[in-house]
Amino acid sequence: MHRIVIVGGGAGGLELATRLGDRVGKRQDVEVLLVDRSATHVWKPLLHEVAAGSLDTHVHQIEYAAQARWHGFQFHRGAMTGLNRSSKEVLLGPVHQDSAQALEIIPARAIRYDTLVLALGSQTHFFGVDGAEQHAVTLDCLEQAEKLRKRLLHTCVRNYSRGDAAVMRNISLAIIGGGATGVELAAELRTMEKEFRLFGLHSTAKDDEIRITLLEAGPRILPALPEDVSNATTALLTKLSIEVSVGDPVTRVQPDRVQTAGGRVIEVDVTIWAAGIRAPDVLSTLDGVSVNRINQVVVSGTLQSISDENIFALGDCASCAWSDGRMVPPRAQAAHQQAMFLSRALRARLKRRPMGAFRYSDHGSLVSVGPAAAIGVVAGLATRRGMLVKGPLARLLYSALYRKHLATVSGVRRTIASMVSQRLHRRSAPRIKLH
Ligand SMILES: Cc1cc2nc3c(=O)[nH]c(=O)nc-3n(C[C@H](O)[C@H](O)[C@H](O)COP(=O)(O)OP(=O)(O)OC[C@H]3O[C@@H](n4cnc5c(N)ncnc54)[C@H](O)[C@@H]3O)c2cc1C
């Protein structure tokens, strides 16, 4: 029995487990196991919508146990805490009933593997900025997005419930990091504010608008995209009265203010850090597995660790060369392509055939700017050159990326059923969560 263990059921890991389970799950000589610290999967690019309350997580979650049952793999819950390469075991910490950790429901244990795939994604990189880790909120996982949502809601409700215009003040939010996450979140929060006003959770006076400042250290927002996309996005954000500050890095975060290198001090109610990523710390402790300076596992063209041929890595936690000295970017589309590659390569390896080499194709990038618009570049079908798209068409393409992920992991029938259920839910509930 050859056991393939995949750690991390995110954009890449869940797709790989599903693809492998569907293809080899019924065989007697292979078993596929997926490990994740959570019981459910939510596609990470949706987290800014969770934070703004515009996405109901109950409708969009996939339960790993059910997915495993339907797609021929096993699911084990637990956070990876270490690795024993000589005995080929992944070490998992105990699972507790809740974050208070009072009741242990699954003990710490070790899981044997023949082939290990690391797909642990990434977490926020604070770059050692003073106070950032202590005082800024992050968007690494569902729990954090929910925590941010509640904090924003309570900040607005507390302020508005004072009732007296004299004591009410403008709420101020700072989002640090002008990449896709920061931009998408900033625009989504403006939508959240509109709905709060509609349902009486926030003042309706124009002057009471929430102050949103997007702070980017570099010379422009969306540095990974062409300059015209960056300029057009800045214009869209300005139209939404979101202040975009560039070229002035944040040097200090305090509970009620943010300070920049240029000497600016912004008073804030909530600071959100969306400025960079690194792979989880556990990867830097793995029994001789080579990692780079941001903990990503260094892999070869077959996505095998350069330290151990039985260990593979994909997605945000893998450092994989692309072209012209560039690395494959930490994006859902890269995790998806790597999952597709590994599904074929691991099956070839079981048959002792060559695995081939992974090649990343950049199909472009889209950034949502509120519920009705998106902007970005998509690869031209004929020329493969980037083509600027914006507005509702771009938003449609953006939404299609999630539908594609759903269809890949849940199948077309379940995706259609889920879309219908989302539509019905929309008709019978407010656009955003109000509690
Ligand atoms: C708000 C936001 C918007 C984004 N928008 C886009 C976009 O529009 N387009 C795009 O291409 N990309 C986008 N991204 C990036 C994209 O989400 C990631 O690149 C992608 O999810 C990476 O996939 P992955 O499988 O490597 O990791 P993830 O999807 O992050 O999954 C990692 C999994 O590992 C699990 N895990 C972590 N640590 C452990 C552990 N110790 N033990 C067990 N399990 C563990 C986690 O629970 C999770 O399920 C966005 C990201 C964010 C935060």
Side-chain angles (χ1 to χ4, degrees), residues 5-17 34-52 55 61-62 64 75-83 90-93 95 111 117-124 138-145 148 175 177 179-188 222 224-225 272-277 279-283 285-286 295-297 313-318 320 328-339 342 362-369 374-376 394 397-402 404-405 409:
V5 174
I6 301 160
V7 185
L14 181 62
E15 179 173 341
L16 177 62
L34 175 68
V35 173
D36 201 284
R37 60 185 176 190
S38 305
T40 58
H41 161 88
V42 170
W43 199 50
K44 201 173 177 183
L46 298 177
L47 289 186
H48 64 285
E49 294 183 37
V50 175
L55 183 129
Q61 281 181 108
I62 293 176
Y64 288 120
F75 173 62
H76 288 252
R77 186 157 170 216
M80 180 178 185
T81 52
L83 179 72
V90 176
L91 311 180
L92 303 185
V95 178
I111 292 188
V117 183
L118 298 168
L120 284 81
S122 58
Q123 61 188 48
T124 302
T138 52
L139 259 191
D140 288 336
C141 59
L142 185 59
E143 289 72 29
Q144 290 176 3
L148 173 56
I175 300 172
T181 304
V183 167
E184 291 184 340
L185 181 66
E188 202 67 34
L222 300 176
L225 290 171
I272 301 143
W273 191 272
I277 60 140
D281 293 337
V282 65
L283 295 174
T285 66
L286 298 188
N295 299 337
Q296 289 173 314
V297 177
L314 65 75
D316 287 7
C317 77
C320 176
V328 173
R331 298 230 290 260
Q333 85 169 275
H336 156 69
Q337 290 179 29
Q338 290 176 332
L342 276 186
D362 188 358
H363 298 308
S365 247
L366 290 166
V367 178
S368 83
V369 193
I375 187 160
L397 290 172
Y398 178 86
S399 307
L401 297 176
Y402 173 51
K404 190 166 170 246
H405 170 71
V409 295

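What you see is a predicted model; the values in this text were computed from it and never measured. Ligands are counted one by one from 1 in listed order, and the atoms in each one are counted from 1 as well.
For ligand 1 and Y64, the ligand atoms under 4.0 Å from any heavy atom of the residue are 49 (O). Residue-ligand proximity, P330 to ligand 1, at heavy-atom distances under 4.0 Å covers atoms 19 (O). Distances below 4.0 Å separate heavy atoms of L139 from the following atoms of ligand 1: 53 (C). In summary, the atoms of ligand 1 found under 4.0 Å from a heavy atom of G315, numbered by their order in the structure, are 26 (O). Within the listing of ligand 1, atoms 42 (N), 43 (C) sit less than 4.0 angstrom from a heavy atom of G78. Contact atoms of ligand 1 toward G9: 33 (C), 49 (O) (distance under 4.0 Å to a heavy atom of the residue). Every atom of ligand 1 is numbered from 1 in the order shown, and the set under 4.0 Å from a heavy atom of E184 is 3 (C), 5 (N), 8 (O). Annotation for ligand 1: atoms under 4.0 Å from non-hydrogen atoms of A119 are 32 (C), 33 (C), 34 (O).
Annotation: G12 places an N or O atom under 3.5 Å from an N or O atom of ligand 1; distance criterion only. The N/O atoms of M80, backbone and side chain alike, include one that comes under 3.5 Å of an N/O atom in ligand 1. Taking only nitrogen or oxygen atoms, main chain and side chain alike, H48 does not reach within less than 3.5 Å of ligand 1.
With hydrogens and angles ignored, the 3.5 Å screen pairs no side-chain donor or acceptor of E15 with any backbone N or O of V409. A distance-only check finds no donor-acceptor pair linking the side chain of E184 to the backbone of H48 [under 3.5 Å]. With hydrogens and angles disregarded, no donor-acceptor distance shorter than 3.5 Å links the side chain of Y402 to the backbone of L46. For Q338 (side chain) and G315 (main-chain N/O), a donor-acceptor pair under 3.5 Å exists by modelled atom type. In this structure, R37 contributes its side chain and G78 its backbone to no donor-acceptor pair below 3.5 Å.
Not a single heavy atom of P329 sits under 4.0 Å from any atom of ligand 1. Distances shorter than 4.0 angstrom do not occur between any heavy atom of A180 and any atom of ligand 1.
Put simply, atom 23 (O) of ligand 1 has protein non-hydrogen atoms near it, under 4.0 Å away.
With a 4.0 Å cut-off on non-hydrogen atoms, A332 touches ligand 1 through its backbone as well as its side chain. When heavy-atom distances to ligand 1 are checked against a 4.0 Å cut-off, A335 comes that close only through its side chain, counted from C-beta outward. At a 4.0 Å heavy-atom cut-off, ligand 1 touches Q333 through the backbone alone. Contact annotation: for Y402 versus ligand 1, there are no heavy atoms closer than 4.0 Å. With a 4.0 Å heavy-atom cut-off, ligand 1 is reached by no atom of H41. Only the side chain of Y398 comes within 4.0 Å of ligand 1, judged by heavy-atom distances.
G121 CA, 3.2 Å is the protein heavy atom nearest to atom 27 (O) of ligand 1. In this structure, atom 35 (C) of ligand 1 lies nearest to the protein heavy atom D36 OD2, 3.2 Å. The closest protein non-hydrogen atom to atom 51 (C) of ligand 1 is T181 OG1, 4.1 Å. Protein heavy atom nearest atom 21 (O) of ligand 1, with residue, atom name and distance: K44 CB, 3.6 Å. In this structure, atom 18 (C) of ligand 1 lies nearest to the protein heavy atom D316 OD2, 3.4 Å. Nearest to atom 31 (O) of ligand 1 among the protein's heavy atoms is G10 CA, 3.1 Å. Nearest non-hydrogen protein atom to atom 34 (O) of ligand 1 is G8 CA, 3.3 Å.
Rounded to the nearest 0.5 Å, atoms CG (L14) and CZ (F75) are 10.0 Å apart. Here H76 contributes atom NE2 and D36 contributes atom CG; the two are 13.0 Å apart, rounded to the nearest 0.5 Å. Note that CG of L148 and CD1 of I272 are 5.0 Å apart. Values are rounded to the nearest 0.5 Å. Once rounded to the nearest 0.5 Å, the distance linking OG1 of T138 with CG of L47 reads 10.0 Å. Summarising the geometry, atom OG1 belonging to T81 is positioned 5.0 Å from atom CG belonging to L91; distances are rounded to the nearest 0.5 Å. Once rounded to the nearest 0.5 Å, the distance linking CZ of R331 with CG of D362 reads 5.0 Å.
Under the side-chain contact (heavy atoms from CB on, under 4.5 Å) test applied with V183, the options L225, I175, V367 reduce to a single match, V367.
Between A11, A39, P45, it is P45 that holds the heavy atom closest to atom 5 (N) of ligand 1. Closest heavy-atom approach to atom 32 (C) of ligand 1 among the candidates L92, L120, L366: L120. Taking all heavy atoms of R37, E188, E143 into account, the minimum distance to atom 38 (N) of ligand 1 is reached by R37.
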Verdict with reasoning, Y398 to V369, per side-chain contact (heavy atoms from CB on, under 4.5 Å): CA-CA 10 Å; Y398 178 86; V369 193; over 6 Å; no
For V35 and I111, run side-chain contact (heavy atoms from CB on, under 4.5 Å): C-alpha distance rounded to whole Å, both residues' side-chain angles, the deciding distance at 0.1 Å, then the answer. CA-CA 10 Å; V35 173; I111 292 188; 4.2 Å; yes
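Taking the six-membered ring for Trp, H336 and H363 have ring centres at least 6.0 Å apart.
Residues M80 and L286 have side chains in contact (heavy-atom distance under 4.5 Å, counting atoms from C-beta outward). Counting heavy atoms from C-beta on, the side chains of L142 and Q61 come closer than 4.5 Å.
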